[in-house]
Amino acid sequence: MRGPVADIRIAQLVKRYDDGHLAVRGIDLHIRDQEFMVLVGPSGCGKTTTLRMIAGLEDISAGEIAIGGRRVNEVAPKDRDIAMVFQNYALYPHMTVHENMAYGLKLRKVARDEIERRVSAAAKMLGIEAQLPRLPKQLSGGQRQRVALGRAVVREPAAFLFDEPLSNLDAKLRGEMRIELKTLQRRLRTTMVYVTHDQTEAMTLGDRITVMSAGEIQQVDVPSTVYDHPRNRFVAGFIGTPVMNFLGGDLAQDGEGYRFALTGGGSVALRMPHRYALAGALGGGRVLGIRPEHLSPAAPAGDPSSSIPAEIDVVENLGDHQYIHLRLAGGQKAIMKTGGQYRCRVGDRIEVDLDTSFAHVFSDAGDYAPTLTLPPG
């Protein structure tokens, strides 16, 4: 299947409700043809509202939406050439799987032979051929989700919109369905827009991800860039499990380099690549951001300029790896990720090495404090 070109352009999109609440605050976004774009963010950030405006299920307060070059602000949902898959599947309980998948095509007066062709092809693609004569109540959650996908696939739309479709599944099924969705998108070669609050889904599914908060877009990029080069402290803290460590302190010149002195005691040399320019950010009230995987137990003969003392508070042993919760000088806390073979006990005092070549410096402790250490461009 390959439908028409279906890039989606959003320009200065606003949603203001009657009570004055501003859910979406003038966002701009270009979703490319055949792209799997994920909108991710916490509850109430505006991602689902944005998706519903693309679908035509929410009125637009201001701005413009174009699908495949056609302005659709006043176009009815059924005429936008999109298919939407919902969180609750929205299957008709009195209809068989076959009837659920065929129903929308019958309403559009598609020929019977064509309906059979599409339903059969979609059922085979999704592995639900044996379920076609069954009712939804006879299916598992994963099977019902595949039926909801099938009902969308038979439409052969220009774009698919997904509103947290996997949130009702258990962890194992979610993992399996993520793989199936990505495979489906490659087979169909069509545009998909996917809303989730789960950053793992965003990182694994998206060709690009759009991180939203408080009705605004915080960053749009490929998952690896969002993870490695977050634009601000919100993105850095939202993307990644466990969350990035944020350590308050002062940034100072140290010869030809820089040093970060942690509030309460301890300091580390910043070994960031030379392209990072910190000269204009010297002073107090800064925040050092570093992910748990970039902390490690310091070697006995290691470089003391990159390590700090810590006390172990909690050990989470997950088999092949551990999350070790640390208490630093001055009461600051951090999480270190180690291999499962590392042996330690609560209360141990250790030296922790910080690989600051992967660290970030934020201007302050505010939620949206900008990253001062982004590479140019």
Side-chain angles (χ1 to χ4, degrees), residues 1 3 6-10 13 24 27 29-58 65 67-68 77 80-90 125-126 141-142 144-153 155 157-169 171 173-213 217-227 235 238-239 241:
M1 169 185 166
D7 71 320
I8 300 172
R9 292 184 181 270
I10 295 170
L13 189 65
V24 178
I27 64 172
L29 182 64
H30 179 210
I31 301 165
R32 301 161 185 158
D33 182 41
Q34 301 187 50
E35 181 173 40
F36 200 129
M37 173 65 82
V38 178
L39 308 184
V40 63
S43 297
C45 71
K47 59 188 184 296
T48 295
T49 303
T50 299
L51 191 79
R52 289 176 62 83
M53 285 192 283
I54 296 172
L57 302 178
E58 287 277 2
I65 297 175
I67 300 176
R80 293 192 181 197
D81 199 15
I82 54 93
M84 192 159 181
V85 179
F86 296 93
Q87 177 180 350
N88 63 0
Y89 317 137
M125 182 185 300
L126 294 165
R144 287 195 293 270
Q145 184 60 77
R146 288 181 179 89
V147 175
L149 284 171
R151 187 175 54 190
V153 168
R155 293 267 309 279
F160 291 86
L161 309 181
F162 297 92
D163 185 13
E164 304 209 40
L166 308 185
S167 59
N168 289 335
L169 304 179
L173 267 177
R174 280 202 305 273
E176 293 173 358
M177 288 301 298
R178 283 200 300 267
I179 295 170
E180 291 191 20
L181 277 172
K182 195 66 177 176
T183 302
L184 180 67
Q185 195 252 354
R186 284 198 299 268
R187 287 178 180 172
L188 298 178
R189 292 186 295 131
T190 191
T191 307
M192 292 188 175
V193 187
Y194 187 102
V195 160
T196 182
H197 65 273
D198 185 332
Q199 53 94 16
T200 300
E201 282 185 12
M203 294 289 288
T204 55
L205 282 173
D207 296 324
R208 288 190 301 157
I209 61 178
T210 298
V211 184
M212 296 186 67
S213 177
I217 291 175
Q218 302 300 320
Q219 187 167 355
V220 184
D221 218 315
V222 298
S224 59
T225 298
V226 173
Y227 187 84
V235 176
F238 187 79
I239 298 295
T241 303

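Just the heavy atoms: all of them, side chains too, but no hydrogens, waters or symmetry mates, feed the values below.
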* Asked: Under 3.5 Å, is there a donor-acceptor pair linking the side chains of Q87 and S167?
  -> yes

* When rounded to the nearest 0.5 angstrom, what is the spacing between CZ in R186 and CG in L181? -> 11.5 Å

* Asked: Quick one: CZ on R189 to CG on D33, what's the gap to the nearest 0.5 Å?
  -> 10.0 Å

* To do: With sequence neighbours excluded, tell me which residues meet side-chain contact (heavy atoms from CB on, under 4.5 Å) with T49.
  => K15, Y17, A23, V24, M53

* State the CZ-CZ distance between R32 and R9, to the nearest 0.5 angstrom. => 10.0 Å

* Asked: What's the spacing between L51 CG and E164 CD if we round to 0.5 Å?
  -> 10.0 Å

* Can you run down the salt bridge (Lys or Arg N to Asp or Glu O under 4.0 Å) pairs that involve residues 39-52, sequence neighbours left out, and say none if there aren't any? => R52-E58

* Partners meeting side-chain contact (heavy atoms from CB on, under 4.5 Å) with M125 (sequence neighbours left out) -> L184, R187, L188

* Would you give the length of the straight line joining atom CG of D163 to atom OG1 of T48, rounded to the nearest 0.5 angstrom? => 4.5 Å

* Asked: Which residues pass the side-chain contact (heavy atoms from CB on, under 4.5 Å) test with P42, sequence neighbours left out?
  -> C45, F234, F238

* Asked: Residues two or more places apart in sequence or in another chain: which of them pass ring-ring contact (aromatic ring centres under 6.0 Å, His included) with Y194?
  -> F36, F162

* Only one of V38, T210, L39, L29 forms a side chain to side chain contact (heavy atoms under 4.5 Å, CB included) with V193, so which one is it? -> L39

* **Contacts of A152 that satisfy side-chain contact (heavy atoms from CB on, under 4.5 Å) - sequence neighbours left out** => A83, V85, F160

* Where is the tightest heavy-atom contact between R155 and I82, given as atom of each residue plus distance? -> NH2-O, 2.7 Å

